[in-house]
Asker: 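Would you mind keeping the following structure in view while I ask a few things?
Chain identifiers are assigned alphabetically (A, B, ...) following the order of the sequence lines, protein sequences preceding nucleic acid strands; residue numbering begins at 1 within each chain. All figures in this text were calculated on a predicted structure; none of them were measured in a lab.
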2 protein chains.
Amino acid sequence: MEEIIGRTVEVLKALANPVRLSILALCLKHERSSRELREILGISKPLLIAHLRRLVALGLLEYRVDFDERRMIVKKYYRTRIKEICVDRGLLEEIAREIAGVGEEPSP
Amino acid sequence: MEEIIGRTVEVLKALANPVRLSILALCLKHERSSRELREILGISKPLLIAHLRRLVALGLLEYRVDFDERRMIVKKYYRTRIKEICVDRGLLEEIAREIAGVGEEPSP
DNA sequence: ATATAGGGTAAGATAATATTTACCTGGATA
DNA sequence: TATCCAGGTAAATATTATCTTACCCTATAT
C-alpha cells in the first residue's frame, strides 16, 4: 500500500492556491529572491515564507543559498522544480485499485 | 485576459480532496449510482451530493438520469469525464505571462 | 540612536471547507 | 400504519487555510 490518494491530495492542495501557483510560475525561467517575490505578489513576509516552505517541502521548489561575505548576509534564491503533476486516466486507475484494496499485504 | 490562475485554482481545488478524487476514480470504468458510491466511501448523503455537484459543475463528472416507470423513481448514474488536468511547464508559462500583464487590453 | 536588509517565529483573526444530524417530497412495500 | 427507496435542503458544527500585526536576531550604513 502506497497511499496514493493521500500523497496526490497533498500535492494538489499545494498547487490549488493562487499565490503558490504564481510562485512556481515566477521561479520557472530564472531564480528569484524572496524580496522580488514579495514585491510582485504584494504579500507579507511571514505569508510568503509559509508558502515557500510548503512548496519546498513537497519538492516543487528548490533554493540556493548565497552567502554575501562582505555584508555577512545569507540570501536564498528560489527556483521551480517541474514535476509534471498530471491527473489523468492512469492516476485515477491507480486510485481505484487502492480503494478496491488490491495489493494489500496479507496479515503476517 | 483569461484569468488562467483563477480557473486553474478552481479545478485543482476540486481535485485536491480524497473523497472527490475517489469519486472520479470509481466512476472511471463504469457508471455508478449514488447509493453505490455512498456505501464504498462511507459518507453521508448530503456530503456526497455536495461533492458530486461540485465535480459536475466543473465538467469533471457527468450523469445520466434513469427513470424507472414502474417504481416512479428517478435514479442518477455518474460517470467520470476525463479532462487530463496537467500542471506542466506550459501552464506555468501561461500563468507567468498573466502575472506580467502581457496581453492586457489597452484602455479604450 | 535609527533605519535598512535578510530570515525568521508566535499569536490571533477571518474566511473557506468539510461534515454531521434532522427534516421534506413522493411512491412502493410489508 | 410504518418502513424503505431515491433525491434533496437547512442549519449547525468542526476542522483547515489563509493572512496580518507584532515581535526577535544579526550586521551594515546614516
Side-chain angles (χ1 to χ4, degrees), chain A residues 5-24 26-27 31-58 60-79, chain B residues 5-24 26-27 31-58 60-79:
Chain A
I5 297 179
R7 285 186 294 112
T8 304
V9 166
E10 202 183 7
V11 173
L12 289 175
K13 273 189 181 170
L15 295 173
N17 176 282
V19 174
R20 288 192 290 272
L21 218 44
S22 298
I23 291 172
L24 292 182
L26 289 167
C27 301
E31 57 186 21
R32 305 264 194 176
S33 69
S34 176
R35 161 152 299 269
E36 207 176 343
L37 289 172
R38 248 180 58 217
E39 277 170 2
I40 297 174
L41 299 170
I43 61 177
S44 66
K45 190 162 51 168
L47 184 55
L48 177 63
I49 289 175
H51 283 308
L52 291 174
R53 192 170 4 223
R54 186 156 173 187
L55 291 171
V56 170
L58 289 177
L60 301 172
L61 192 71
E62 63 188 356
Y63 62 87
R64 174 177 70 84
V65 175
D66 179 79
F67 183 60
D68 184 340
E69 293 195 35
R70 190 181 59 82
R71 299 205 305 158
M72 291 294 285
I73 277 180
V74 173
K75 279 191 75 171
K76 293 180 175 177
Y77 291 92
Y78 294 87
R79 169 166 261 162
Chain B
I5 298 179
R7 284 187 294 113
T8 304
V9 166
E10 201 183 9
V11 173
L12 289 175
K13 272 188 180 169
L15 295 172
N17 175 282
V19 175
R20 287 192 291 272
L21 217 45
S22 299
I23 290 172
L24 293 182
L26 289 167
C27 301
E31 57 185 20
R32 304 262 194 178
S33 69
S34 177
R35 160 152 299 267
E36 206 177 344
L37 290 172
R38 253 186 48 223
E39 276 170 3
I40 297 173
L41 299 171
I43 60 177
S44 67
K45 190 162 51 169
L47 183 55
L48 176 63
I49 289 175
H51 283 308
L52 291 174
R53 193 170 0 224
R54 186 155 174 187
L55 291 171
V56 169
L58 289 176
L60 301 172
L61 192 69
E62 63 189 355
Y63 62 88
R64 173 177 70 82
V65 175
D66 178 80
F67 183 59
D68 183 340
E69 294 196 34
R70 193 181 58 84
R71 300 205 304 159
M72 291 296 284
I73 278 180
V74 174
K75 279 192 75 172
K76 292 182 177 178
Y77 291 92
Y78 294 87
R79 168 167 262 159

Asker: Table please: side-chain donor-acceptor pairs of residues 36-45 of chain B below 3.5 Å, with sequence neighbours left out.
Answerer:
from: B/E36; atom 1: OE1; to: B/S33; atom 2: N; distance (Å): 3.3
from: B/E36; atom 1: OE2; to: B/R32; atom 2: NH1; distance (Å): 3.1
from: B/E39; atom 1: OE2; to: B/R35; atom 2: NH1; distance (Å): 3.2

Asker: Answer whether the closest heavy-atom distance between the side chains of B/L15 and A/T8 falls below 4.5 Å.
Answerer: no
Asker: Roughly, in whole Å, what's the span from CZ in B/R53 to C1' in C/dT19?
Answerer: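 So the two atoms are 15 Å apart, to the nearest Å.
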Asker: Contact boundaries of DNA chain D with chain B (under 4.0 Å, heavy atoms), 5' to 3'?
Answerer: D/dA6 to D/dA10
Asker: What are the two closest non-hydrogen atoms of A/I5 and B/S22, and how far apart are they?
Answerer: CD1-OG, 3.7 Å
Asker: Rounded to whole Å, please give me the gap between CD1 in A/I49 and P in C/dT9.
Answerer: 7 Å
Asker: From B/L52 CG over to B/Y78 OH, what is the distance, rounded to the nearest 0.5 angstrom?
Answerer: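 B/L52 CG to B/Y78 OH: 4.5 Å, rounded to 0.5 Å.
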Asker: Whole angstroms only, please: what is the CD1-C1' distance between B/I43 and C/dA18?
Answerer: 10 Å
Asker: Just call it for B/S33: base, sugar-phosphate, or nothing, with non-hydrogen atoms closer than 4.0 Å on any strand.
Answerer: nothing
Asker: Return the set of residues passing side-chain hydrogen bond (donor to acceptor under 3.5 Å, both in side chains) with A/R54 (not counting sequence neighbours), or none when no residue passes.
Answerer: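 Applying side-chain hydrogen bond (donor to acceptor under 3.5 Å, both in side chains) to A/R54 gives none.
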Asker: A/Y63 versus A/V65: any side-chain heavy-atom pair under 4.5 Å?
Answerer: yes
Asker: Give the B/S/- string for nucleotides 21-30 of chain C, one per nucleotide from 5' to 3', where a protein heavy atom under 4.0 Å of the base yields B, of only the sugar-phosphate yields S, and otherwise -.
Answerer: BB----SSS-
Asker: Is B/R38 touching bases, backbone alone, or none of the nucleic acid, heavy atoms closer than 4.0 Å?
Answerer: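 Counting heavy atoms under 4.0 Å across all strands, no contact is made by B/R38.
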Asker: Is there a side-chain contact between A/K75 and A/D68 (heavy atoms, below 4.5 Å)?
Answerer: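 No, side chains not in contact.
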Asker: Given axes from five pairs at either end, by how many degrees does the helix from C/dA1-D/dT30 to C/dA30-D/dT1 bend, rounded to 10°?
Answerer: 30°
Asker: Provide, to the nearest angstrom, the distance between the CG atom belonging to A/L47 and the C1' atom belonging to C/dA13.
Answerer: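 Atom CG in A/L47 sits about 14 Å away from atom C1' in C/dA13.
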Asker: Do the non-hydrogen side-chain atoms of A/R20 and A/L60 ever get within less than 4.5 Å of each other?
Answerer: no
Asker: About how many Å separate CG of B/N17 and CG of B/L24, when rounded to the nearest 0.5 Å?
Answerer: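 Going from the CG atom of B/L24 to the CG atom of B/N17 covers 10.0 Å.
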Asker: Would you name the heavy atoms of B/V9 and A/P18 that are closest together and state the gap between them?
Answerer: CG2-N, 3.5 Å
Asker: Which protein N or O atoms sit under 3.5 Å from an N or O of nucleotides 15-17 of chain C?
Answerer:
none

Asker: Measuring from atom CG of A/D66 to atom NZ of A/K76, what distance do you get when rounded to the nearest 0.5 angstrom?
Answerer: 12.5 Å
Asker: If you round to the nearest 0.5 Å, how far is CE of A/M72 from CZ of A/F67?
Answerer: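 Rounded to the nearest 0.5 Å, the CZ-CE separation comes out at 4.5 Å.
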Asker: Before you tell me yes or no, could you show the steps for A/R7 and A/V11 under side-chain contact (heavy atoms from CB on, under 4.5 Å), namely the whole-Å CA-CA distance, both residues' side-chain angles and the distance that decides it to 0.1 Å?
Answerer: CA-CA 6 Å; A/R7 285 186 294 112; A/V11 173; 5.8 Å; no
